[in-house]
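All remarks here apply to the structure that follows.
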Amino acid sequence: MSVVRELSPGWLLDHLSFINKISYELHHHHEPCCSKKEPTSVHLDTLHMDSVSSFGASATCIASTTKPENDDGGNCEMFIQKYVFRSELFDVTKPYITSAIHKECQQSNEKEDLVNDVKKEISISVNGKKRKRCVDFNQGELDAMEYHTKIRGLILDGSSQLIQEGLKSGFLHPLYEKRDKYSEPIILPLDTCNLSELCEMAKHLPSLNEMELQTLQLMEDDISVTEQYLFSRIVDNNSSFTKMITLMGQKYLLPPRSSFLLSDISCIHPLLNCKKTYDVIVIDPPWQNKSVKRSNRYSYLSPLQIKQIPIPKLAAPNCLVVTWVTNRQKHLRFVKEELYPSWSVEIVAEWHWVKITSSGEFVFPLDSPHKKPYEGLILGRVREKAALPLRNADVKELPIPDHKLIVSVPCTLHSHKPPLAEVLKDYIKPEGECLELFARNLQPGWTSWGNEVLKFQHVDYFVALESKS
């Protein structure tokens, strides 16, 4: 379970545990003894993995296998390789901003009213000296201050309750050592395969006919896939085991019972061609902002492009739509006042993701004038113009509570959002179809789409444990 604790304010999540409970296991046949006529069967009599958390615990795997007979009556062994996500990528032991800066922000906030004053003095430390400057807030900044004032108490009180439970359970640990203690920097895998650029290149490949664009099913015995078949078509790992695929020399792990479409927004039509509708759609749009423009780190979409996503065609009746939104008020207003109405989506709740360290502190000061330790999610239901009955009259729609909190230690990888599957399960029908748009990773039971949909499935983000046969 990724849910460490559930209270009335919301949930305390263990993102790393969610990834590792997927059980990334590769099953290989030992050649050449295996018969090509008889399928190989594997029975895990015992499977034990020590708790793996963001505090660097080790993991071991113990598995047993059956040995199916080959053509000569001999036995063939099954080789099992298990992978776990790199725990150091969740090793957030201290806030991103030092306590000295936090204190300065607090002092600044105490001097001035953040909503009513258009000007305030900000004390900035430069080489041990202090200078003062006068700042004029624009309307967007004033709106952000007003919004923060409204939800501040909710964030603080609700998070405190969940953090206390995390400390009691041992999931969170008080940080006793000095803050300036040296720690080795995390070495991230090289981005040797730019997936978004590959999607752009794929547009110039010869067009595939409708038959060739049908969903590619990866069955139990598939061990390799031709690269050209991975672009602009849905790839479905129907098996109960993890698959490893190679794309431009880079290896990616596909969890069992997962599907994906690797393409940009101009090639989203395979999702429509499969004639499937979804009961929950999670959207993490690449919002446009100044820092993205300057850094050119990743592409972004304009509001008009986001509105053109064909949600009405992808959504089943009563579909739950969840959109991640930055703290920029312009984006929040756009989702509430333009985007959802254009999709016939009725807003039912607004939730918040609160990011904390492994010791239970906010990753940014709560009242920081620059970056906040929380992000928003806008939840809505697709409503037909003419109200339609539920597909199953016996299924009752559970009301979604407003202002719930999702508290977790964030991954250090950019835009690796926490999983929503377990916190949303009570609000969608059992075995409902699930879709994530602009995804960067895969989940069992979900279809994922995006031009970086395999990014966090790269094998370098995982650690291979001791193999068994």
Side-chain angles (χ1 to χ4, degrees), residues 1-19 53-54 90 92 95-97 102 144-174 280 282-284 287 320-329 331-332 335-336 347-368 371-381 398-412 415-428 436:
M1 289 286 291
S2 65
V3 177
V4 178
R5 196 75 168 89
E6 179 178 358
L7 298 175
S8 57
W11 303 267
L12 177 64
L13 294 189
D14 184 350
H15 189 171
L16 180 62
S17 173
F18 177 86
I19 298 174
S53 71
S54 55
F90 285 90
V92 183
Y96 299 146
I97 295 182
H102 186 183
M145 293 173 185
E146 182 179 4
Y147 177 79
H148 175 70
T149 301
K150 289 180 179 178
I151 67 171
R152 184 185 186 280
L154 167 79
I155 300 291
L156 183 60
D157 296 341
S159 298
S160 297
Q161 294 181 46
L162 290 162
I163 289 169
Q164 287 302 314
E165 290 297 320
L167 291 169
K168 290 178 183 178
S169 69
F171 171 68
L172 301 175
H173 297 266
V280 59
V282 175
I283 313 169
D284 186 13
W287 294 106
L320 176 61
V321 179
V322 183
T323 303
W324 289 95
V325 189
T326 68
N327 288 315
R328 193 175 179 187
Q329 294 304 295
H331 296 154
L332 279 168
V335 172
K336 295 177 180 179
I347 297 175
V348 294
E350 181 174 349
W351 291 359
H352 307 277
W353 172 35
V354 183
K355 293 169 272 190
I356 62 172
T357 69
S358 56
S359 58
E361 299 177 90
F362 295 127
V363 295
F364 292 107
L366 181 58
D367 296 318
S368 168
K371 287 192 174 182
K372 296 292 191 291
Y374 56 81
E375 294 183 33
L377 302 89
I378 308 299
L379 293 80
R381 292 275 189 192
L398 189 66
I400 299 178
D402 200 10
H403 293 301
K404 282 282 192 176
L405 302 183
I406 299 171
V407 180
S408 72
V409 178
C411 183
T412 56
S415 201
H416 197 356
K417 297 293 198 302
L420 300 179
E422 291 189 10
V423 301
L424 295 177
K425 62 181 176 61
D426 290 337
Y427 309 109
I428 58 177
E436 183 174 7

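The figures that follow rest on heavy atoms only: side chains count, while hydrogens, waters and symmetry mates do not.
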So do [Y] and [X] actually touch side chain to side chain, heavy atoms under 4.5 Å?
X      : Y      : result
Leu320 : Ile400 : yes
Val322 : Leu424 : yes
Val282 : Lys417 : no
Thr326 : Leu332 : no
Phe90  : Asp14  : no
Leu13  : Ser2   : yes
Pro373 : Leu366 : yes

When the side chains of residues 152-164 are checked against the rest of the protein, which donor-acceptor pairs come out under 3.5 Å, sequence neighbours left out?
{"from": "Arg152", "atom 1": "NE", "to": "Asp367", "atom 2": "OD1", "distance (Å)": "2.7"}
{"from": "Arg152", "atom 1": "NE", "to": "Asp367", "atom 2": "OD2", "distance (Å)": "3.1"}
{"from": "Arg152", "atom 1": "NH2", "to": "Asp367", "atom 2": "OD2", "distance (Å)": "2.8"}
{"from": "Ser159", "atom 1": "OG", "to": "Ile155", "atom 2": "O", "distance (Å)": "2.7"}
{"from": "Ser160", "atom 1": "OG", "to": "Leu156", "atom 2": "O", "distance (Å)": "2.7"}

Does Asp284 form a side-chain contact (heavy atoms from CB on, under 4.5 Å) with Ser415? I'd like the steps, not just the answer.
CA-CA 9 Å; Asp284 186 13; Ser415 201; 3.5 Å; yes
Is there a donor-acceptor pair under 3.5 Å between the side chain of Thr149 and the backbone N or O of Met145?
yes
Under the 3.5 angstrom rule, does the side chain of Ser358 hit a backbone N or O of Val92 as a donor-acceptor pair?
yes
Mind checking salt bridge (Lys or Arg N to Asp or Glu O under 4.0 Å) for Glu165 and listing every partner two or more places apart, or none if nothing turns up?
Arg5, Lys168
Run Trp11 and Trp351 through ring-ring contact (aromatic ring centres under 6.0 Å, His included) and show every step you take.
CA-CA 11 Å; Trp11 303 267; Trp351 291 359; 5.1 Å; yes
Looking at [atom1] of [X] and [atom2] of [Y], how far apart are the two atoms once the value is rounded to the nearest 0.5 Å?
X      : Y      : atom1 : atom2 : value
Tyr427 : Leu398 : OH    : CG    : 6.0 Å
Ile356 : Phe362 : CD1   : CZ    : 8.5 Å
Thr323 : Ile283 : OG1   : CD1   : 4.0 Å
Ser169 : Leu12  : OG    : CG    : 7.0 Å
Trp353 : Leu377 : CH2   : CG    : 9.5 Å

Would you check if the distance from the ring center of Trp324 to the ring center of Trp287 is below 6.0 Å?
no
Take Lys336 and Glu350, measure what salt bridge (charged side-chain N to carboxylate O under 4.0 Å, His left out) needs, and give me the verdict at the end.
CA-CA 10 Å; Lys336 295 177 180 179; Glu350 181 174 349; 2.9 Å; yes
In terms of side-chain heavy atoms, does Ser408 have a donor or acceptor partner in His15 at a distance below 3.5 Å?
no
What heavy-atom pair brings [X] and [Y] nearest, and what distance separates the two atoms?
X      : Y      : value
Ala349 : Pro401 : CB-O, 3.4 Å
His416 : Cys411 : CD2-SG, 3.7 Å
Glu361 : Pro95  : OE2-CD, 4.0 Å

side-chain contact (heavy atoms from CB on, under 4.5 Å) for Leu420 and Ile406? Distances and angles first, verdict last.
CA-CA 9 Å; Leu420 300 179; Ile406 299 171; 3.6 Å; yes
Show every side chain to side chain donor-acceptor pair (under 3.5 Å) that has at least one partner inside residues 371-380, sequence neighbours left out.
His148-Tyr374, Lys355-Glu375
Aromatic plane relationship, His403 with His352 - under 30° parallel, 30 to 60° tilted, over 60° perpendicular
parallel
